[in-house]
Amino acid sequence: DTGVSQDPRHKITKRGQNVTFRCDPISEHNRLYWYRQTLGQGPEFLTYFQNEAQLEKSRLLSDRFSAERPKGSFSTLEIQRTEQGDSAMYLCASSLAQINTEAFFGQGTRLTVV
Amino acid sequence: KQEVTQIPAALSVPEGENLVLNCSFTDSAIYNLQWFRQDPGKGLTSLLLIQSSQREQTSGRLNASLDKSSGRSTLYIAASQPGDSATYLCAAQGGSEKLVFGKGTKLTVNP
């Protein structure tokens, strides 16, 4: 297993378009997290799944954002009607559902909304 | 609500120097604290995880300590090298399961 994989690595889209990102976690990991990072800031929590169940969503997460993990394996994050403020690095992480377990991150998807 | 602060925001040192990065958190009820490295435009690489019951963890030239009662963790880097130049992030994990990050310390090691 090569770690957490994210696709695409970069995405440029016009304002108002919908975009979808994919994350493939480490195969045995049942927890999957999405974070957003803007320049000069630490990653900000968006949502997380345990298996296929979405257990928490940030109150900061707009209704335009939706995430799924249909079979408890890969996950998708969709942003509808993108805005310039959505421009950021979107990071995915996975871990085992245990206390004191490391989270491993992917390389991220850089979104630019023009 | 957990808040994580990292000081300094940026640090520049000559090669070979030993250095300490600081991380503080407001809620001491954490399960663990994790240190990450981030290169420009890249994702995060896990460096060390310290469990709440531990005082420190070591990996090569890196040593991380944790003092839950005072809400502090430090990352010690020995004999720094230019390849250590990156942003270092700490993250606290508590009962809500999510990691709460600081803004990071940008380290530059000059040859």
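So that the names make sense, note that chain A is the first sequence line, chain B the second, and so on, each numbered from 1. Treat the numbers as computed from the prediction; the structure is a model and nothing was measured.
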Short side-chain to backbone donor-acceptor contact, B/Gln34 and A/Glu102, under 3.5 Å:
no
With the 4.5 Å side-chain cut-off for hydrophobic clustering, are B/Phe25 and B/Trp35 part of the same group?
yes
A/Gln107 versus chain B, heavy atoms under 4.5 Å apart: side chain, backbone, both or neither?
both
Can you tell me how far apart CE (A/Met89) and NZ (B/Lys42) are? Round to the nearest 0.5 Å.
8.5 Å
I'd like to know if B/Ile50 and B/Tyr31 are part of one continuous hydrophobic network [Ile/Leu/Val/Met/Phe/Trp/Tyr, side-chain heavy atoms within less than 4.5 Å].
no
With side chains defined as the heavy atoms from C-beta onward, is the minimum distance between B/Glu97 and A/Glu56 less than 4.5 Å?
no
Honestly, the part of A/Thr101 sitting under 4.5 Å from a heavy atom of chain B is backbone
Would A/Ile26 and A/Phe74 show up in the same hydrophobic cluster when neighbours are defined by side-chain heavy atoms closer than 4.5 Å?
no
Shortest non-hydrogen contact from A/Pro43 toward B/Leu44
CG-CD2, 4.1 Å
Does any backbone or side-chain atom of B/Gln93 lie under 4.5 Å from a heavy atom of chain A? Answer side chain, backbone, both or neither.
side chain
Side chain, backbone, both or neither of A/Gln37 within contact of chain B (heavy atoms, under 4.5 Å):
side chain
Output field: ring centroids B/Phe101/A/Tyr35 closer than 6.0 Å:
yes
Check for me, please, whether A/Leu77 and A/Leu111 land in the same ILVMFWY cluster - side-chain distances under 4.5 Å, paths through other members count.
yes
Taking every heavy-atom pair that is under 4.5 Å apart, which of B/Ser46, B/Ala9, B/Gly104 has the most such pairs with chain A?
B/Ser46
Please indicate whether A/Leu96 has more than 12 foreign heavy atoms, meaning atoms of other residues, nucleotides or ligands, lying under 6.0 Å from its CG.
yes
Under 4.5 Å between side-chain heavy atoms, hopping through other hydrophobics if needed: is there a path connecting A/Phe105 to B/Leu49?
no
For the pair A/Tyr33 (side chain) and B/Leu99 (backbone), establish whether a donor and an acceptor sit closer than 3.5 Å, ignoring hydrogens and angles.
no
